[in-house]
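Bear in mind that the values here come from a model prediction, so they are computed numbers and not experimental data. In what follows, every heavy atom counts, from backbone to side chain, and hydrogens, waters and symmetry copies are set aside.
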Amino acid sequence: MSSNYTTIKSLSENTGKQVTLAGWLYNSRASGKIQFLIIRDGTGLCQCIVEKGNVPDEIFEQLKHIGQESSLTVTGTIRAEPRSVGGYEMAVTDAKIISVSEGYPITPKSHGIDFLLKNRHLHLRSHLQWCILKIRHTVIDAVRRFFNDNGFTLIDTPIITSIAGEEEQSLFEVDYFGTPLHLTQTGQLHLESAAMSCGKVYCFGPTFRAEKSKTRRHLTEFWMVEPEVAFIELPGLLELAENFVSSIVSRVLSDNRAELEALGANIEALEKITPPFYRLTYTDCVNILTSDKTKDFLVNQLQEFLEEKKQIETRITELESQDTGKLKQWQKDKNAAELIELRSTLAETEIKIENNPRHAQLAAAFKWGKDLGGSDETIISLMHDKPIFVTHYPKQAKAFYMKTDRENEDVVLNFDMLAPAGFGEIIGGSIREDDYDRLVSRINKQGLKPENYEWYLDLRKYGSVPHGGFGLGIERTVAWLTDQKHIRQCIPFPRMMDKVYI
RNA sequence: UCCCCGAUAGCUCAAUAGGUAGAGCGAGCGGCUGUUAACCGCUAGGUCGUAGGUUCGAGCCCUACUCGGGGAGCCA
């Protein structure tokens, strides 16, 4: 592929040279005889300086009147300029407008999420969204690189399937020539059969969950990567998972530092993400949740929230009571923006204050045997600065295929990996039950029909081996790394419960 | 499914005690040679989500509905 256009990404190799950029007008400011055009070309942003006299007069006039997102080419000399976005800028000598854009709906000011999702096809052009897309790309590439470099074979598992991974999960039904089938929620069962062929395998694709989950951590369609390994025990699997996640983090840190900075991600926290991660058993977690330490932790947290609320309210009152008549317009503007920001932070803090006692109660009353709830995971996660493995969950709370711990028949050899600082679960995995009779009995106990799992049971009939694997949610990983409050920003076109915008 | 909050200009938000609907951005025109969500001046832009009710009078109060946001359960 060749192009006559230079990319903004490669400007550092082009200082002093005359080049042509092709892109879109991201933003522009004009000041009489000088114009500042911020151009984006898909590889970055570049400020282009148009001075009257340096370009033909009619070009100068045309550029003054083109709207945001007009497409154009600009030609000029590149120089380093620390004041400029990206560190370089172009002294424009010529330009060509390709297509004029008028009334672009997404302005440089703030917008509501509903509006942005309705305009998702355009919102993707915004810088922060672009940063997330770039990081998502790196995450996916790092995922593939890790497995490909470590002897794994890619196995594509079916999207339309007749077998369910979890028990009575809500699945999307598909009319398959008259037979009701459903969209896959995991490739795991098929993957296990491939692991018995290739040893180490992984699948990577979209997965579908019809759960009625309306939270910032859920999508109905999301991407998941699932490795599956033959001849592995739980400690080996945890090691694989921590090396895997660490390699993703370090790739993003080295390839997308600028994007992380633009997004306001916590880079220092990410730099700490190296093996080994914390290892807790489910029982440890129950003890932590019901301990005085946790009680105090939550009480302190509530105090912090209340203090935060007070500070925000004070600041709001301060801004509101200012004599606006005397202020300059730009100051009013800034205050208005701050007020909007403060009000939304306040609303969030109030929700946290409201939730805190409920979470404290849930944690304190936690009984061994129940699955860990979202708030419980958040508490554990908040107490740690690195990802946490939670292992050995009660058998009754978990899926039929998880291997019973032979040393403690009440628990299974599984794990969840919680991302730190309150983010919560990004991986779920387990060692799989490899004993034929035990697996049949688990299937029966959970009210499932063994005849639906015949081929799956075959894997335990013909050369069964200890094996296991896990699933990592791509969007959750991206949301964690980029410090996004909501997962819906981490997939180009999100599908949420009852809501598909475009 | 349940709980909380919201809907006012293209967008983000105001409207004090129920009394003539307001600002910024964006759009259009003009001014300004270093701007960083630039700035300054002017212009256009509204059936206050829908339906009903209370009232001399409703953006504001009441009822229902629609749509949206957040949270719970469940999960990656």
Side-chain angles (χ1 to χ4, degrees), chain A residues 26-38 45 47 49-54 64-65 67-68 81 83-85 89 102-119 127 165-170 185-186 207-220 222-226 320 324 328-330 332-337 339-341 343-344 347-348 350-352 354-355 358-359 362 370-375 377 397 399 416-419 424-429 470-477 479-480 485-488 496-499 501:
Chain A
Y26 191 66
N27 196 7
S28 68
R29 290 175 284 274
S31 177
K33 300 192 174 65
I34 185 166
Q35 296 179 48
F36 302 89
L37 310 179
I38 310 289
L45 294 172
Q47 174 162 280
I49 313 298
V50 188
E51 283 185 70
K52 196 159 186 168
N54 290 355
K64 234 158 98 177
H65 296 286
Q68 203 184 332
E81 171 54 69
R83 283 177 296 180
S84 194
V85 217
E89 64 177 29
E102 275 172 26
Y104 186 69
I106 302 178
T107 68
K109 296 275 167 155
S110 64
H111 298 280
I113 189 64
D114 190 43
F115 177 79
L116 291 174
L117 286 176
K118 278 180 182 149
N119 288 285
H127 188 59
E166 313 291 324
E167 309 93 88
E168 293 305 309
Q169 287 260 343
S170 15
Q185 46 161 221
T186 171
T207 195
F208 307 88
R209 308 259 167 112
E211 294 155 8
K212 303 235 167 170
S213 306
K214 210 177 141 191
T215 82
R216 53 182 71 183
R217 293 193 309 281
H218 285 85
L219 294 168
T220 52
F222 64 96
W223 285 68
M224 181 160 72
V225 58
E226 299 174 88
E320 280 175 343
T324 50
K328 293 262 187 202
Q329 187 55 53
W330 68 267
K332 282 192 213 164
D333 240 27
K334 218 173 145 188
N335 287 356
L339 269 175
I340 291 167
E341 186 68 26
R343 288 199 181 108
S344 101
E348 270 181 40
E350 277 167 352
I351 287 168
K352 285 183 198 159
E354 197 189 314
N355 283 337
R358 198 180 314 151
H359 291 170
L362 278 172
K370 230 184 77 185
D371 204 352
L372 291 178
S375 64
E377 287 182 351
D416 281 349
M417 196 184 97
L418 311 181
E425 182 173 355
I426 58 171
I427 288 184
F470 56 84
L472 171 125
I474 293 296
E475 292 76 16
R476 284 194 180 173
T477 305
W480 165 49
K485 281 188 203 131
H486 205 299
I487 194 173
R488 69 187 153 208
M496 291 159 296
M497 173 192 150
D498 296 336
K499 198 74 202 170
Y501 285 91

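The closest side-chain donor-acceptor pair between A/Gln35 and A/Ser28, if any, does not fall under 3.5 angstrom.
Checked against B/G30, B/G70, B/G73, the side chain of A/Arg488 finds its nearest nucleotide in B/G70. Minimum atom distance to the side chain of A/Asn27 is reached by B/A38, of the listed B/G68, B/A38, B/C74. Nearest nucleotide to the side chain of A/His65, out of B/G30, B/G73, B/G71: B/G30. Nearest nucleotide to the side chain of A/His486, out of B/G70, B/C74, B/C29: B/G70.
Two residues are said to be in side-chain contact when any heavy atoms from C-beta on lie closer than 4.5 Å; A/His218 and A/Glu211 meet this criterion.
A/Tyr501 comes within contact range of the sugar-phosphate backbone alone, with a heavy-atom separation under 4.0 Å but no base atom that close. A/Asp371 comes within contact range of the sugar-phosphate backbone alone, with a heavy-atom separation under 4.0 Å but no base atom that close. Nucleic acid contact class of A/Gly112 (heavy atoms, under 4.0 Å, all strands): sugar-phosphate only. Nucleic acid contact class of A/His218 (heavy atoms, under 4.0 Å, all strands): base. Counting any heavy atom pair closer than 4.0 Å across all strands shown, A/Leu472 reaches no nucleic acid atom.
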Interface polar pairs with nucleotides 32-36 of chain B, N/O, under 3.5 angstrom:
unit_1	atom_1	unit_2	atom_2	d
B/C32	O2	A/Ser31	OG	3.4
B/C32	N3	A/Gly32	N	3.1
B/C32	N4	A/Gly32	N	3.1
B/G34	O2'	A/Arg83	NH1	3.2
B/G34	O6	A/Arg79	NH2	2.9
B/G34	N1	A/Glu89	OE2	2.9
B/G34	N2	A/Glu89	OE1	2.8
B/G34	N2	A/Glu89	OE2	3.3
B/U35	O2'	A/Arg29	NE	3.2
B/U35	O2	A/Arg29	NE	2.6
B/U35	O2	A/Arg29	NH2	3.0
B/U35	N3	A/Gln47	OE1	3.0
B/U35	N3	A/Gln47	NE2	3.1
B/U35	O4	A/Gln47	NE2	2.7
B/U36	N3	A/Arg83	O	3.1

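Counting to the nearest Å, the C1' atom of B/C67 and the CG atom of A/Asp114 are 8 Å from each other. At whole-Å resolution of the value, CG in A/Asp416 and P in B/A76 are 7 Å apart.
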Do any side-chain atoms of residues 111-119 of chain A form donor-acceptor pairs under 3.5 angstrom with protein atoms, and if so which ones, sequence neighbours left out?
unit_1	atom_1	unit_2	atom_2	d
A/His111	NE2	A/Thr107	N	3.0
A/His111	NE2	A/Thr107	O	3.1
A/His111	NE2	A/Thr107	OG1	3.2
A/His111	NE2	A/Lys109	O	3.2
A/Asp114	OD1	A/Tyr501	OH	2.6
A/Asp114	OD2	A/Lys118	NZ	3.1
A/Asn119	ND2	A/Phe115	O	2.9

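At a cut-off of 3.5 angstrom, the base of B/C75 holds at least one donor-acceptor pair with the side chain of A/Arg476.
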- Query: Would you write out the dot-bracket form of RNA chain B, 5' to 3', with Watson-Crick and G-U pairs under 3.5 Å, [ ] for crossing pairs, | for pairs to other strands and . for unpaired bases?
  - Reply: (((((((..((((.....[..)))).(((((.......))))).....(((((..]....))))))))))))....

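For the P atoms, the distance from B/C48 to B/C56 is 22 Å, rounded to whole Å.
A/Arg476 places a side-chain N or O within 3.5 Å of a backbone atom of A/Arg217 that can act as its donor or acceptor partner.
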